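Here's the structure we're looking at; comments come further down.
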Amino acid sequence: EVQLVESGGGLVQPGGSLRLSCTASGFTLSSKYMTWVRQAPGKGLEWVSVMHNGGNSYYADSVKGRFTISRDSSKNTLYLQMNSLRVEDTAVYYCASLVLSWGQGTLVTVSS
Amino acid sequence: QAVVTQEPSLTVSPGGTVTLTCGSSTGAVTSGHYPYWFQQKPGQAPRTLIYDTSVKHSWTPARFSGSLLGGKAALTLSGAQPEDEADYYCLLSYTGARPVFGGGTKLTVL
């Protein structure tokens, strides 16, 4: 069964950092385009970042220079390192292979 | 950055047919935008219904179909069921730019 499980969310102060993890089962994560999507409370979906199967990565302008996507093939896990967090980064963060499956999401709250 | 436009809300009667559309501020939507459609029910994660304009996922009910219509991507629901009440989002890919989600359509089955 294909499954994605995110972890690492929580409460952090503005300017702080968090690392989200997304562990895949049922498929090889590094063979797919893997995407992070976020959803602020009561709002729509926002594309955040993607890592292609070849290793290239791309970011939304709103997070470029602050967020870094990476993966560990040995752990079949995708990461999102989030630095210099802002109040407006508060959202549920989903990882997804858009043609395969979505995770259940992890909540990131940036507040003092 | 391109703006992707969806109807904010639509209502369909049970058993009825409705078409949701997805337009781009840059011009006509084509297969080269690789349109996706996602369904999200309250309190749940989104799930992919359609990708590459019209390709269905294994779990996508047959009553959903994707197409290009009048310069937009379209999601047609034929024979609406109460369980189809949800938010629907499209996503368009742009050459040399980042993918963009539409604002979502809240579909009511009533």
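Protein chains get the first letters and strands the later ones, always in sequence-line order, with residue 1 at the start of each. This one's a predicted model, so the numbers in the text were calculated from it and none came from an experiment.
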Close side-chain approach of [X] to [Y], heavy-atom, < 4.5 Å:
{"X": "Y94(A)", "Y": "E6(A)", "value": "yes"}
{"X": "C22(B)", "Y": "V4(B)", "value": "yes"}
{"X": "Q1(B)", "Y": "V100(B)", "value": "yes"}

### Query
For Q39(B), which residues count as a side-chain hydrogen bond (donor to acceptor under 3.5 Å, both in side chains) partner, sequence neighbours excluded?
R47(B), Y88(B)

### Task
Could you tell me which residues satisfy side-chain hydrogen bond (donor to acceptor under 3.5 Å, both in side chains) with Q104(A), sequence neighbours excluded, listed by chain and number?
none

### Query
Which members of residues 14-45 of chain A, sorted by number, sit under 4.5 angstrom from chain B on a heavy-atom basis?
V37(A), Q39(A), K43(A), G44(A), L45(A)

### Query
Between F67(A) and Y93(A), how do the two ring planes meet: parallel, tilted or perpendicular, split at 30° and 60°?
tilted

### Task
Using non-hydrogen atoms and a 4.5 Å limit, figure out which bit of Q44(B) sits close to chain A: side chain, backbone, both or neither.
backbone

### Query
Which region of L91(B), side chain (C-beta onward) or backbone (N, CA, C, O), has a non-hydrogen atom less than 4.5 Å from a non-hydrogen atom of chain A, or is it both or neither?
side chain

### Message
Heavy-atom pairs under 4.5 Å with chain A: which of Y89(B), Y36(B), Y51(B) has the most?
### Response
Y89(B)

### Message
Looking only at heavy atoms and a cut-off of under 4.5 Å, which of S58(B), G104(B), P99(B) has the most pairs with chain A?
### Response
P99(B)

#### Entry: Worked check of side-chain contact (heavy atoms from CB on, under 4.5 Å) between V99(A) and T48(B)
CA-CA 7 Å; V99(A) 299; T48(B) 304; over 6 Å; no

### Query
Does anything in residues 64-84 of chain B pair up under side-chain hydrogen bond (donor to acceptor under 3.5 Å, both in side chains), and if so which pairs, sequence neighbours excluded?
T19(B)-T76(B), R63(B)-D84(B)

